[in-house]
Amino acid sequence: EITELVNTPFLVENGSIFVDVSGKIINFEISSDEILWENNLNEIIVDFIQYSNALIVVTENNFYILETKTGKLINQSEHSVINPSHVSLVNSKLLLVGENNLVLFDLRSSDLKILKLIKFKNNNIQSVGYNNGNYYLKNEEAVYTLSE
């Protein structure tokens, strides 16, 4: 049972994936009315993003990488982002932005190593963008540029 979606469900090769705030993730085949797989992380899900044939799910303290075809856990890591609010993915790098810091993870490394950790004070980041090797962070006052 899905009570509150994190974001819009998305289509994968063999179904549609629904992600509930409560931690439930379901791959549902709409045409046959069949649940192909389901997973419950038992954590509040903040956001998710699709990456190749995987789903990256961000909770308050962790992020998980699940295979979209089977729901199998591929990898898991803690993050040090306080109140994560934005998730972005560029060139196999996962960017998490929170209340007072930003962390960039290398998804190609088996231990999901941290490439960058930047701390800042109460910038209230509202959106994140990427173009030509630069990350752009926007709040009500300014646009900040971070270069790779």
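Just the heavy atoms: all of them, side chains too, but no hydrogens, waters or symmetry mates, feed the values below.
The distance from atom CD of Glu29 to atom OG of Ser16, rounded to the nearest 0.5 Å, is 7.0 Å. Atom-to-atom distance recorded for Lys24:NZ and Asn42:CG is 9.5 Å, nearest 0.5 angstrom. Rounding to the nearest 0.5 Å places OG1 of Thr68 at 11.5 Å from CD1 of Ile25. Here Leu107 contributes atom CG and Ile56 contributes atom CD1; the two are 4.5 Å apart, rounded to the nearest 0.5 Å.
Residues Asn75 and Leu73 come closest through the heavy atom pair O-CD1, 3.3 Å. The shortest heavy-atom contact between Ile65 and Ala54 is CG2-CB, 3.7 Å. The shortest heavy-atom contact between Pro84 and Val46 is O-CG1, 3.0 Å. Closest of all the heavy-atom pairs between Leu41 and Ile45 is CD1-CD1, 4.3 Å.
Proximity of a side-chain donor or acceptor of Asn62 to a complementary backbone N or O of Gln76 within less than 3.5 Å is not detected.
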Can you list the steps and then say if Ile49 with Asp47 is a side chain to side chain contact (heavy atoms under 4.5 Å, CB included)?
CA-CA 7 Å; Ile49 194 165; Asp47 207 351; over 6 Å; no
Side chain to side chain contact (heavy atoms under 4.5 Å, CB included), that's the test. Do Val21 and Ile44 meet it? Break it down for me.
CA-CA 5 Å; Val21 171; Ile44 301 297; 3.9 Å; yes
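For Phe48, the ring-ring contact (aromatic ring centres under 6.0 Å, His included) partners two or more places apart in sequence, or in a different chain, are Phe10.
Counting only heavy atoms from C-beta outward, the side chains of Lys113 and Leu115 approach each other to under 4.5 Å. Within the 4.5 Å cutoff, the side chain of Val12 has no heavy atoms near those of the Leu55 side chain. Proximity of Asn27 to Ile35: side-chain heavy atoms (C-beta onward) are nowhere separated by under 4.5 Å. Counting heavy atoms from C-beta outward, Val19 and Asn7 have side chains that stay 4.5 Å or more apart. The shortest side-chain heavy-atom distance between Leu104 and Ile114 does not fall under the 4.5 Å cut-off. Taking the side chain as every heavy atom from C-beta outward, Phe28 and Asp33 approach each other to under 4.5 Å. When side chains are defined from C-beta on, Asn39 does not count as touching Val57, because their heavy atoms never get closer than 4.5 Å.
Follow the hydrophobic side-chain contacts under 4.5 Å out from Val81 and you never reach Val6; the two are in separate clusters. Hydrophobic clustering (ILVMFWY, side-chain heavy atoms < 4.5 Å, transitive): Leu66 and Leu112 are in distinct clusters. Two different hydrophobic clusters hold Leu96 and Leu137 under the rule that ILVMFWY side chains link at heavy-atom gaps under 4.5 Å. Under the 4.5 Å side-chain contact rule for hydrophobic residues, Ile26 and Leu36 do not share a cluster. Side-chain heavy atoms closer than 4.5 Å link hydrophobic residues (I, L, V, M, F, W, Y) into clusters, and following such links, possibly through other members, connects Val103 to Leu94.
Under the ring pair (Phe, Tyr, Trp, His ring centres under 6.0 Å) criterion, the residue pairs touching residues 50-80 are Phe63-Phe105, with sequence neighbours excluded.
Clustering of Ile, Leu, Val, Met, Phe, Trp and Tyr side chains at separations under 4.5 Å places Tyr136 together with Val143.
Within 6.0 Å of the CG atom in Asn53, the count of heavy atoms belonging to other residues, nucleotides or ligands does not exceed 12.
Side-chain contact annotation: Glu78 with Ser80, donor-acceptor N/O pair under 3.5 Å absent.
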